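Below: the structure, in structure tokens.
Source: prediction; values computed, not measured. Below, chain A is the first sequence line, B the second, and so on; all start at residue 1.
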Amino acid sequence: MNITGIKGMNDILPGDIETWQHLEEQARQVFGAFGYREIRVPVVEKTDLFCRSIGETTDIVEKEMYTFSDKGGTSMTLRPEGTAPVMRSFIQHKLYAQDPVSKLYYIGPMFRHERPQKGRYRQFHQIGAEVIGVDDPKIDAQVLAMLSHYFATTKIPDVALQINSLGCPECRPDYREALIKFLEQRLQALCADCQRRYTSNPLRVLDCKVPGCKEATIEAPAMLENLCIGCDTHFNQVKEHLDALSVDYTVNQRMVRGLDYYTKTTFEMITGSLGAQNAIAAGGRYDGLIKDLGGPALPGIGFAIGLERLALLLGEQRIAPPRPELFIATLGEAGTKAGFALLTSLQRQGILAEMEYTGKSLKAQLRRADKLNTRRVLILGEDELERGVAQLRYMDESSQEEIDLNGLESRLLREINSETNGA
RNA sequence: GUGGGUGUAGCUCAGUCGGUAGAGCACCGGAUUGUGGCUCCGGAUGUCGCGGGUUCAAGCCCCGUCACUCACCCCA
């Protein structure tokens, strides 16, 4: 093959797509019930949007963005995440002027130039949801309840919710200082990566996997114990509401997020069955983001779900393709002509029907009908046409009856429609 | 950006000591002149990733290269 796809950007083929469609339909259904409406924004934005929202010093902005100049010289970037574009749109169209609360969701591809591995791709897909305009902890709990419910209804195995609070511009800087001071004493004990993190992102040291680092930071100051009063009560109320809604969670004090805009509540949905990329959804509150982007000072909270990762988890549990109601098997020119006309007529009426187009033997036609898992087969042969009848074969029962050509189509429609409505 | 693993039929993979390529599944046909699945019989399909080297001879050994993959980093 000469031309192949781009590394880390995958085709989703028939056979896999059914899983994706199912995941998307469930999301629309669940999010819809919680009052969210879909928003679609472009996959390309001005580069500056991401620099200002995600953070200049994050890995995403520093080395993972697909950035290019368009013909006018504007620097544009394929979106590496969904929240910033949605906020840009929210501000640009002044959605806050129509309704003090906006609940939005989006589905689509994101792009990050990373080395691909299991569950991590250069083009990947997210389902995300955002609530803007409410800082009440009830909303934090409701967002998590909705997320948990989504995973329950899609039957994703082996998931656990972890929550944390990252504080706010009031308390985080102080905590950061305290942590840096603590780490300074133990720099020698930390791994090479953590010595680098010490300057770039000290909070990250807390969730390092290296045993030596874990040991050295056992007594490190905890963010949760250094929250200001506002953040502390907010977090406690989130937990209370989660308990009241029977949402299972654990508090993970060492959970860190990769984007700079998060404040207060942060969370991840973790799985144990996916190798290294174990987060299948993540998000948090971003109370300063909208103002930072030039909008009104409105609080927000949201999350993104990694669709590839969900599809991997569902893995072998293939969703069967739709089952044809009727396969038309024909013999002879007249039969084929009549069959093709009937086929098209049924398809025009929304019935999934199939036939063989290349004049194969009856045996071959039935084999194909069986392979497609067809419910019934109509056999239109020369003998039958002369006598004004056709054979209608029910594949599951291996039974067959002779029916009159007069009223054939309406009889088929009646039977198929009553079955599909009944089920 | 760093490290490991793997590249052979559409798919999953065998291939011994270097001696000219195989299985299962899938596909097509037949056993049944016009009846699916099960069974049996038959059939088509290969740039052994690519390029070079060693050799009488390379899928196998050596060098290079590309792709895929897993992990680190990072993250959905």
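Comparing atom distances between the A:Met395 side chain and each of B:rG36, B:rA76, B:rU35 picks out B:rG36 as nearest. Nearest to the side-chain atoms of A:Arg196 among the listed nucleotides B:rU35, B:rC74, B:rG34 stands B:rC74. Among the nucleotides B:rG29, B:rU35, B:rC68, the one closest to any side-chain atom of A:Lys360 is B:rG29. In the set B:rU35, B:rA71, B:rC74, B:rU35 carries the atom at the smallest distance from any side-chain atom of A:Leu362. With distances taken from any side-chain atom of A:Lys363 to the nucleotides B:rG36, B:rC73, B:rA76, the minimum falls on B:rG36. Of the candidates B:rC74, B:rA71, B:rA76, B:rA76 carries the atom nearest the A:Phe124 side chain, counting heavy atoms from C-beta on. Nearest to the side-chain atoms of A:Lys371 among the listed nucleotides B:rA71, B:rA26, B:rU35 stands B:rA26. Side-chain atoms of A:Asp370 lie closest to B:rG36 of the nucleotides B:rA76, B:rA26, B:rG36.
The phosphate of B:rA76 (OP1 or OP2) has no side-chain N or O of A:Gln277 nearer than 4.0 angstrom. The phosphate of B:rA76 has OP1 or OP2 within less than 4.0 Å of a side-chain N or O from A:Arg257. Distances shown here put a side-chain N or O of A:Arg367 below 4.0 Å from the OP1 or OP2 atom of B:rG29. Dashed line: the shortest gap from a side-chain N or O of A:Gln117 to OP1 or OP2 of B:rA71 is under 4.0 Å. Neither OP1 nor OP2 of B:rA71 sits under 4.0 Å from any side-chain N or O of A:Lys209. Phosphate proximity of B:rC68 to A:Lys7: present, with a side-chain N or O under 4.0 Å from OP1 or OP2.
In this structure, A:Glu81 reaches neither bases nor backbone, as no heavy-atom distance under 4.0 Å exists between it and the strands shown. Counting non-hydrogen atoms under 4.0 angstrom, A:Phe327 reaches nothing in the nucleic acid. Residue contacts shown for A:Ala282 are limited to sugar-phosphate atoms, with no base heavy atom under 4.0 Å away. Counting any heavy atom pair closer than 4.0 Å across all strands shown, A:Gly283 reaches no nucleic acid atom. Here A:Leu310 lies out of heavy-atom contact (under 4.0 Å) with every strand. Among the heavy atoms of the strands lying under 4.0 Å from A:Glu384 is at least one base atom, whether or not backbone atoms are also near. In this structure, A:Leu274 reaches neither bases nor backbone, as no heavy-atom distance under 4.0 Å exists between it and the strands shown. A:Leu331 comes within contact range of at least one nucleobase, with a heavy-atom separation under 4.0 Å. Contacts of A:Glu64 with the nucleic acid, taken as non-hydrogen atoms under 4.0 Å apart, involve only primed sugar atoms and P, OP1 or OP2.
Base pairing annotation: B:rG7 forms a Watson-Crick or G-U wobble pair with B:rC66, both donor-acceptor distances under 3.5 Å. Nucleotide B:rU55 is matched to nothing when pairs are restricted to Watson-Crick or G-U wobble geometry with both distances under 3.5 angstrom. Across every strand in view, B:rA71 sits in a pair with B:rU2 that passes the Watson-Crick or G-U test at under 3.5 angstrom. Pairing partner, B:rG18: none, since no Watson-Crick or wobble contact has both distances short of 3.5 Å. With a cut-off of 3.5 Å on both pairing distances, the Watson-Crick or G-U wobble partner of B:rU12 is B:rA23. Using N1 to N3 plus N6-O4 or O6-N4 for Watson-Crick, or N1-O2 and O6-N3 for G-U wobble, each under 3.5 Å, B:rU45 pairs with nothing. Remark: B:rU33 base-pairs with no nucleotide in the shown strands. Criterion, Watson-Crick or G-U wobble with two distances under 3.5 Å.
Rounded to the nearest Å, the gap between the P atom of B:rG37 and that of B:rU33 is 15 Å. Spacing of P atoms, B:rU45 relative to B:rG10, comes out at 11 Å, to the nearest Å. For the P atoms, the distance from B:rA23 to B:rG15 is 15 Å, rounded to whole Å. B:rC17 and B:rC13 have their C1' atoms separated by 23 Å, with the value rounded to a whole Å. For the C1' atom pair drawn from B:rA14 and B:rA67, the interatomic distance equals 23 Å after rounding to whole Å.
Not one N or O on the side chain of A:Asn226 forms a donor-acceptor pair closer than 3.5 Å with the backbone of A:Tyr175. A:Arg376 contributes no side-chain N or O that, together with a main-chain N or O of A:Leu326, makes up a donor-acceptor pair within less than 3.5 Å. Here the side chain of A:Ser89 pairs no donor or acceptor atom with the backbone of A:Val86 at under 3.5 angstrom. A distance-only check finds a donor-acceptor pair linking the side chain of A:Lys103 to the backbone of A:Phe34 [under 3.5 Å].
Considering CG of A:Asp135 and CG of A:Leu298, their distance stands at 10.0 Å, rounded to 0.5 Å.
The 5' end of RNA chain B is approached more closely, in terms of each residue's nearest nucleotide, by A:Arg393 than by the other of A:Asp59 and A:Arg393. Each of A:Lys63 and A:Glu382 lies near RNA chain B, and the nucleotide nearest A:Glu382 is the one positioned closer to the 5' end.
Under 3.5 Å, the side chain of A:Ser398 and the base of B:rG37 form at least one donor-acceptor pair of N or O atoms. Between the side chain of A:Gln400 and the base of B:rU35, at least one donor-acceptor pair of N or O atoms lies under 3.5 Å. For A:Arg197 against B:rC74, no side-chain N or O and base N or O form a donor-acceptor pair under 3.5 Å. In terms of polar N and O atoms assigned as donor or acceptor, the side chain of A:Arg115 never comes within less than 3.5 Å of the base of B:rC72 in a complementary pairing.
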* To do: Test A:Asp370 against A:Arg367 for side chain to side chain contact (heavy atoms under 4.5 Å, CB included), laying out the working first.
  => CA-CA 5 Å; A:Asp370 186 62; A:Arg367 238 201 306 269; 5.7 Å; no
* After noting the C-alpha distance and the side-chain angles of A:Lys337 and A:Glu382, does the key distance pass the salt bridge (charged side-chain N to carboxylate O under 4.0 Å, His left out) rule? -> CA-CA 11 Å; A:Lys337 230 172 188 170; A:Glu382 285 156 324; over 6 Å; no
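For the pair A:Arg88 and A:Phe90, the NZ or CZ position fails the cation-pi test of under 6.0 Å to the six-membered ring centre and within 45 degrees of the ring normal.
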